[in-house]
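Numbering of residues begins at 1 and proceeds along the displayed sequence. Worth saying up front: this structure is predicted, and the values here are computed from it rather than measured.
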Amino acid sequence: NRLKVLDYQGLPLMATFHPAAVLYDRTKAQDFLDDLHAYMVEHIWDKQEFDQPFDVRLVNDPEGYAKVKELLDEEPVIGLDIETDGFTPHVLTVALAISGVSYVLPVHHMESLLDGEDVIRWVVERLILDPGRTLVGQNIKYDLSMMMRAAGLSTTPVQCQTQDSMLYHYMMNEHSTARNLDYLSRAYTGLGGYKDEVRNSALVEAPIRELARYNGRDAAVPAIIIDSITKHLDSTGYRSPQMEKFYSKLTRFVSTMEAAGVKVDRPRLAEVKAELEDTIEGLRIDVENMAPEVNLDSPKQLSEHIYGTLALEVPDIKDARTPTGQPSTREDILSHLSHPFIDRLLEYRGNAKLLRTYVRGIEDNLWPDSTVHPQFFIAKTDFGGTVTGRLSCKRPAMQTIPRGSDIRSVFAPRNREGLLLEVDASQAELRIAAAFSEDPCLLDIFRSGQDPHQATADLCGVERQVGKTINFASIYGVT
């Protein structure tokens, strides 16, 4: 019953976590704050009430499609949502919303009577590639990148302006981890929440009218959420047009990056996989010979061997023990121990992770044209992302490929004449911090060409790596 307001003798109540539970389990802290935020919005904000919030119209005939194109041709702001067959550019339907009305156009749905390729081409050319158009949606980056891929224009830059209800909520409440449309609808609109009417895994099999309701609603609700948020920010003086423009630019850039993807050298990938498998097998034999009675997949047996048989001391660091009190066998804990068995075990685990997370991650997300299209996250979402606002990605996890591994060698230029460039924005976050804070010491460090991490280390009397940690901790709010 979270986020559901109950009436108790005229007093509005809402169930949430007990404060003691939050103290014992810090992962519940943000859920607790999300509940308080939603309750505040529910009972303090003036929210628009809707008798019929939006009208979903299925357009599945050429004449109706022609009228929709004429109606939307010069419309400056349009809600957009697409439904696809999973994380693929196989578009089932496209919903376009204006003034509370959603027009749903079937594309490659089995019941479609339209020319799906023409629908995709029109939406991309007239809407997505129009710099004068603003498209509104929830996590609209996904919709834009999928449409560009569906149109065969994966390397063409997205041109339209964007407004994303998920990112507006992030600007409103940056520490919130709940950003799905159901939560945002409950928190910011008079519509209340809603659960998905059809399972995402069954979209391709859903009847066209059922899918249209689902698709049309998702195209219309984000604009209502954004309107609620911006009105409140305007009234409090906290609205930032600069941040709104920034996220519009970033959304365009990241959606283009997702659509373009990265080329994979399949033969090289197979070589790296075979080499890793051989290395892992050799390391496994070595480790098992050092502890023949231990099941390497059993944390309990490993813990007993390391801290019992080998008599190694439990590191005096945070989380060195599990919640049940058993000494931990996690890599970050074992790395504090010194013993030949530990060294070999960590080497075995490291190579196994390379194979499991990266090689197989690339294989599982490899498209027929030998490209991968990682899913990037601009903000913390229910599906991934970081609380600091740094970009992160998965499917596959391209940003965390270890330096010095052979994994990076599997990526290739898109064509024979192409090049792959490795670039790094030197101390980007600290330069931004210097520009915004106008701190004279930090500005002087950059202007004189000094290393800011070494400068902090020298001032604090510590090593450079610790100075680097201090710098990032200060700008990311570490306590």
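At a cut-off of 3.5 Å, with distance as the only test, no side-chain donor of Y183 or H169 sits close to an acceptor on the other residue. With no hydrogens or angles considered, no side-chain donor-acceptor pair links R252 and T256 at under 3.5 Å. Inspection of the T84 and Y142 side chains reveals an N or O donor paired with an N or O acceptor under 3.5 Å. With 3.5 Å as the limit, one finds no donor-acceptor pair spanning the side chains of Y247 and T162. For the residue pair D369 and T371, a side-chain donor N or O sits within less than 3.5 Å of a side-chain acceptor on the partner. A donor-acceptor contact under 3.5 angstrom links the side chains of N215 and T93, judged on distance only.
Between M290 and P340 there is a side-chain heavy-atom pair separated by less than 4.5 Å. Contact check for L312 versus I342: side-chain heavy atoms found under the 4.5 Å cut-off. I208 places a side-chain heavy atom less than 4.5 Å from the side chain of P106. Side-chain contact check for V359 versus L354: every heavy-atom pair is 4.5 Å or farther apart. Residues Q163 and I140 form no side-chain contact, since every pair of their non-hydrogen atoms from C-beta on lies 4.5 Å or further apart. Taking the side chain as every heavy atom from C-beta outward, L391 and F377 never approach each other to under 4.5 Å. For the pair L302/L345, a side-chain contact is recorded, criterion being any heavy-atom separation below 4.5 Å from C-beta on. Counting only heavy atoms from C-beta outward, the side chains of L96 and E75 never approach each other to under 4.5 Å.
In this structure, the side chain of T469 engages the main chain of Q465 through a donor-acceptor pair within 3.5 Å. For D424 (side chain) and S426 (main-chain N/O), no donor-acceptor pair under 3.5 Å exists by modelled atom type. R395 places no side-chain N or O within donor-acceptor distance of the main-chain N or O of N365, the cut-off being under 3.5 Å. Checked by atom type and distance alone, the side chain of S165 never pairs as donor or acceptor with a backbone atom of P222 at under 3.5 Å. Put simply, the side chain of S185 never gets that close to the backbone of L181: no donor and acceptor are under 3.5 Å apart. A donor-acceptor pair is defined here as one N or O able to donate and one able to accept, closer than 3.5 Å; no such pair exists between the side chain of S298 and the backbone of N295. Of the possible donor and acceptor atoms, one in the side chain of K141 sits under 3.5 Å from a partner among the backbone N and O of F376.
When all heavy atoms are compared, the tightest approach of V59 to Y65 is CG1-N, 3.3 Å. Closest approach of Y188 and S228 over heavy atoms only: O-OG, 2.8 Å. Annotation for S328 and L334: closest pair O-CD2, 4.0 Å, computed over non-hydrogen atoms. Pairing each heavy atom of S335 with each of L346, the nearest pair is CA-CD1, 3.9 Å. Nearest approach of H373 to A260, heavy atoms of both residues: CE1-O, 3.6 Å. In plain terms, the two heavy atoms of S145 and E258 that are nearest each other are OG-OE1, 3.2 Å.
Remark: K468 is not positioned above the aromatic ring of F472, lacking an NZ or CZ atom under 6.0 angstrom from the ring centre and at most 45 degrees off the axis.
V158 pairs in a side chain to side chain contact (heavy atoms under 4.5 Å, CB included) with only one of the listed residues (L135, V124, L144), which is L144. Across V107, L211, I82, a single residue satisfies side chain to side chain contact (heavy atoms under 4.5 Å, CB included) together with L92, and that is L211.
Distance NZ/K353 to CD1/I280: 13.0 Å, rounded to 0.5 Å. Taking CD1 of I285 as the start and OH of Y348 as the end, the distance is 10.5 Å to the nearest 0.5 Å. Rounded to the nearest 0.5 Å, atoms OG1 (T309) and CD (E304) are 8.0 Å apart. For the atom pair CD1 (I378) and CG (N139), the distance works out to 8.0 Å, reported to the nearest 0.5 Å. Residue E277 holds its CD atom at 11.5 Å from CG of N351, rounded to the nearest 0.5 Å. In this structure, the separation between CG on L337 and CG on L310 is 9.5 Å, given to the nearest 0.5 Å.
Ionic pairing of R209 and E111 is not present here: no N-O contact between side-chain nitrogen and carboxylate oxygen is shorter than 4.0 angstrom. Ion pairing of E288 with R284 is present here, as a side-chain N (NZ or NE/NH1/NH2) and a carboxylate O approach within less than 4.0 Å. The pair R360-E363 does not count as a salt bridge, with every side-chain nitrogen at least 4.0 angstrom from each carboxylate oxygen.
For E463, the CD atom counts as loosely surrounded, since its 6.0 Å shell holds 12 or fewer non-hydrogen atoms of other residues, nucleotides or ligands. Heavy-atom neighbours of D316 CG from other residues, nucleotides or ligands within 6.0 Å: at or below the threshold of 12.
Qualifying ring pair (Phe, Tyr, Trp, His ring centres under 6.0 Å) partners for H90, counting only residues two or more places apart in sequence or in other chains: H108.
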